[in-house]
Amino acid sequence: MDHSTLLEFMSLAEKLKCNTRHSWTSSGRHESVAEHTYRLCVFSWLVKEEFPECDMDKVLKMCLFHDIGEAVTGDIPSFEKKKSDETKENQEIDKIVEMLPDKHREELRALIKELRENKTMEAKVVHALDKMEAVIQHNEASLDTWLPLEYELQMTYGQEQAKVHPYLKHLRSVLREESARKVEAAADETLERQM
């Protein structure tokens with residue numbers, strides 16, 4: 001890859017460090033899109049043995065680039081995202097893919113197409129893990145960062161995507177239990193302070 005294209009793509013990818021998500025970290029600041037992407041990649045690597053039927057190298061690559069369009073559009077929380085936002089993000093992804101030389105362009109185009117179509121187990125695993133990483137992050141953040149609608153969302157977000165595999169389904173139920181414990185502990189703490 002020529003230096004100009006390499007540096008242009010790296011500059012674009014750097015925007016994922018600058019663009020923040022709705023989620024908060026355990027230290028009390030908004031997480032960046034890059035941080036979410038990094039941890040999603042770690043997540044997929046940690047669970048790779050659970051999916052012997054999957055090409056987990058492909059899963060990791062899909063995780064790496066699943067939010068690349070947000071380098072341009074920024075993050076829009078799922079509960080605010082409209083079809084027009086998805087269309088815009090997809091258009092930006094297509095432009096980003098075109099920046100690359102042939103070999104890289106074709107590989108990334110195929111990965112994005114597979115992820116969008118969501119027909120393969122690899123794509124379905126990425127979609128489920130992506131949702132669950134957000135749930136994990138919310139469980140790690142302070143409860144005062146949650147919006148009122150997120151109390152219900154924490155119980156349901158990613159549940160449908162997790163149904164594609166027994167491991168994912170079980171993990172989603174574990175995360176739901178953690179969310180419920182977090183909310184219950186906060187309620188108990190509030191009651192104790194009132195007494």
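Only heavy atoms go into these numbers, but all of them, side chains included; no hydrogens, no water, no symmetry mates.
No donor-acceptor pair closer than 3.5 Å links the side chain of Gln161 to the backbone N or O of Leu129. Side chain of Asn118 to main chain of Leu115: no donor-acceptor pair is present (N/O by atom type, distance under 3.5 Å, no hydrogens or angles). A side-chain donor-acceptor contact under 3.5 Å links Lys182 to the backbone of Ala141. With hydrogens and angles disregarded, a donor-acceptor distance shorter than 3.5 Å links the side chain of Gln154 to the backbone of Val135. Within the 3.5 Å criterion, the main-chain N or O of Val33 finds a donor-acceptor partner in the side chain of Thr37.
Under the 4.5 Å side-chain heavy-atom criterion for ILVMFWY residues, a single connected hydrophobic cluster contains both Leu147 and Ile136. Grouping the Ile, Leu, Val, Met, Phe, Trp and Tyr side chains by contacts below 4.5 angstrom, directly or via other members, places Leu153 apart from Val174.
Remark: Asp75 CG to Glu80 CD distance equals 9.5 Å, nearest 0.5 Å. Put simply, CD on Glu89 and CD on Glu70 are 4.5 Å apart, with the number rounded to the nearest 0.5 Å. Atom OG of Ser84 sits about 8.0 Å away from atom CD1 of Ile76, to the nearest 0.5 Å. Expressed to the nearest 0.5 Å, how far CG of Leu7 lies from CE of Met1 amounts to 10.5 Å. With rounding to the nearest 0.5 Å, the separation of CG in Leu108 from CE in Met99 is 11.0 Å. One distance of note links OG of Ser173 with CD of Gln159; it measures 9.0 Å at 0.5 Å rounding.
Considering only residues two or more places apart in sequence or on other chains, Glu86 meets the side-chain contact (heavy atoms from CB on, under 4.5 Å) condition with Lys81, Lys83. For Glu50, the side-chain contact (heavy atoms from CB on, under 4.5 Å) partners two or more places apart in sequence, or in a different chain, are Val47, Tyr167. Annotation: side chain to side chain donor-acceptor pair (under 3.5 Å) contacts of Ser26 (sequence neighbours excluded): none. Listed by chain and number, the residues in a ring-ring contact (aromatic ring centres under 6.0 Å, His included) with His170 amount to none (sequence neighbours excluded). Partners of Glu92 according to the side-chain contact (heavy atoms from CB on, under 4.5 Å) rule, which considers only residues two or more places apart in sequence or in another chain, are Val72, Thr73, Lys88, Lys95. Listed by chain and number, the residues in a side-chain contact (heavy atoms from CB on, under 4.5 Å) with Glu184 are Asp188 (sequence neighbours excluded).
Heavy-atom minimum distance, Ser23 versus Gln137: CB-CG, 3.9 Å. Heavy atoms only, all atoms of each residue included: Leu16 and Ser32 are closest at O-CB, 3.6 Å. Summarising the geometry of Leu60 relative to Cys41, their closest heavy-atom pair is CD1-O, 3.4 Å, with the distance given to 0.1 Å. Here the closest heavy-atom approach between residue Phe43 and residue Met132 is recorded as CE2-CB, 4.0 Å. Between Ser44 and Val59, the shortest heavy-atom contact is CB-CG1, 3.9 Å.
For residues 117-139, the salt bridge (charged side-chain N to carboxylate O under 4.0 Å, His left out) pairs, not counting sequence neighbours, are Arg39-Glu133, Lys113-Glu117. Residue pairs meeting the ring-ring contact (aromatic ring centres under 6.0 Å, His included) criterion with at least one partner in residues 76-131, sequence neighbours excluded, are His22-Phe79. Counting only residues at least two apart or on different chains, the salt bridge (charged side-chain N to carboxylate O under 4.0 Å, His left out) pairs with a member in residues 154-177 are Glu160-Lys163. Within the structure, the salt bridge (charged side-chain N to carboxylate O under 4.0 Å, His left out) test picks out the following pairs touching residues 24-34 (sequence neighbours left out): Arg21-Glu31, Arg29-Glu35.
Counting heavy atoms from C-beta on, the side chains of Val97 and Phe65 never come closer than 4.5 Å. Within the 4.5 Å cutoff, the side chain of His3 has no heavy atoms near those of the Glu8 side chain. Under the 4.5 Å side-chain criterion, counting only non-hydrogen atoms from C-beta, Leu12 is in contact with Ile96. Side-chain atoms of Trp24 and Ser142, non-hydrogen and from C-beta on, never get closer than 4.5 Å to each other.
Thr5 and Asp2 share a side-chain donor-acceptor pair at under 3.5 Å. Under 3.5 Å, the side chains of Ser179 and Asn139 contain a donor-acceptor pair of N or O atoms.
Apart from Leu46 itself, the hydrophobic cluster it occupies contains Tyr38, Val42, Trp45, where clustering links Ile, Leu, Val, Met, Phe, Trp and Tyr at side-chain heavy-atom distances under 4.5 Å. In the hydrophobic clustering, Val183 connects to Leu143, Trp146, Tyr151, either directly or through intervening members, whenever side-chain heavy atoms lie under 4.5 Å apart.
Taking 4.0 Å as the cut-off between side-chain N and carboxylate O, Glu107 and Lys61 count as a salt-bridged pair. Comment: Asp94 engages Arg116 in a salt bridge, judged by a side-chain N to carboxylate O separation of less than 4.0 angstrom.
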Give the C-alpha distance, both sets of side-chain angles, the deciding distance and a yes or no for side chain to side chain contact (heavy atoms under 4.5 Å, CB included) between Glu178 and Glu140.
CA-CA 10 Å; Glu178 283 193 11; Glu140 292 169 340; over 6 Å; no
